[in-house]
Amino acid sequence: MPRDRRCHTCHTVTSVNGAPTVVVAVVDGQDVYACAAHRAEHAAPAHDPLVALAQYQDMAARPYTRPR
């Protein structure tokens, strides 16, 4: 099943500056993504190990593009 990387609030896949959305919480085993504008609304408690693991897995699943 492909990941749904849209922001939980505004349903965009990038922030205003073009940065991709990031995992900010894990709810019932599902990753919650948020853009820069909505991260604070959905953020899990600080140092949540599930969020750190989900972010690591998300980075590993994204294709690497070499900087130019």
Side-chain angles (χ1 to χ4, degrees):
M1 179 168 89
R3 292 177 182 261
D4 182 12
R5 291 187 171 109
R6 294 178 296 152
C7 175
H8 191 71
T9 302
C10 64
H11 305 291
T12 185
V13 292
T14 59
S15 296
V16 175
N17 63 357
T21 56
V22 295
V23 178
V24 292
V26 177
V27 177
D28 295 330
Q30 297 294 318
D31 298 342
V32 176
Y33 286 81
C35 64
H38 298 113
R39 283 183 192 156
E41 294 175 30
H42 303 290
H47 308 293
D48 185 348
L50 285 179
V51 174
L53 181 61
Q55 288 174 342
Y56 180 73
Q57 289 175 335
D58 182 53
M59 287 188 314
R62 290 180 189 259
Y64 174 74
T65 55
R66 182 179 220 181
R68 295 178 189 233

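Positions are given from 1, in the same order as the sequence printed here. Everything numeric here is computed off the predicted structure, so don't read it as measured data.
Residue pairs meeting the salt bridge (charged side-chain N to carboxylate O under 4.0 Å, His left out) criterion with at least one partner in residues 5-26, sequence neighbours excluded, are Asp4-Arg6, Arg5-Asp58. The salt bridge (charged side-chain N to carboxylate O under 4.0 Å, His left out) pairs that include a residue from residues 15-26 number zero, where partners must be two or more places apart or lie in different chains.
Alongside Val23, the hydrophobic cluster contains Tyr33 (criterion: ILVMFWY side chains under 4.5 Å). Other members of the hydrophobic cluster containing Tyr56, listed by chain and number, are Met59; membership follows side-chain contacts under 4.5 Å among ILVMFWY residues, whether direct or relayed. Taking Ile, Leu, Val, Met, Phe, Trp and Tyr as members and joining any whose side-chain heavy atoms lie under 4.5 Å apart, directly or through other members, the hydrophobic cluster of Val27 also contains Val22, Val24, Val32.
The salt bridge (charged side-chain N to carboxylate O under 4.0 Å, His left out) search around Asp31 returns Arg3, not counting sequence neighbours. A search for side chain to side chain contact (heavy atoms under 4.5 Å, CB included) contacts involving Thr9 returns Cys7, His38, Glu41, His42, not counting sequence neighbours. Considering only residues two or more places apart in sequence or on other chains, Asp28 meets the side chain to side chain contact (heavy atoms under 4.5 Å, CB included) condition with none of them. By the side chain to side chain contact (heavy atoms under 4.5 Å, CB included) test, Leu53 is found to be paired with Gln57, residues two or more places apart in sequence or in another chain being considered. Applying the side chain to side chain contact (heavy atoms under 4.5 Å, CB included) criterion to Ala40, with sequence neighbours excluded, gives no partner residue.
Nearest heavy atom pair, residue Pro20 against residue Arg39, reads O-NH2, 4.0 Å. Of all non-hydrogen atoms in Ala25 and Val51, the two that sit nearest each other are CA-CG2, 3.6 Å.
Side chain of Thr14 to main chain of Ala19: no donor-acceptor pair is present (N/O by atom type, distance under 3.5 Å, no hydrogens or angles).
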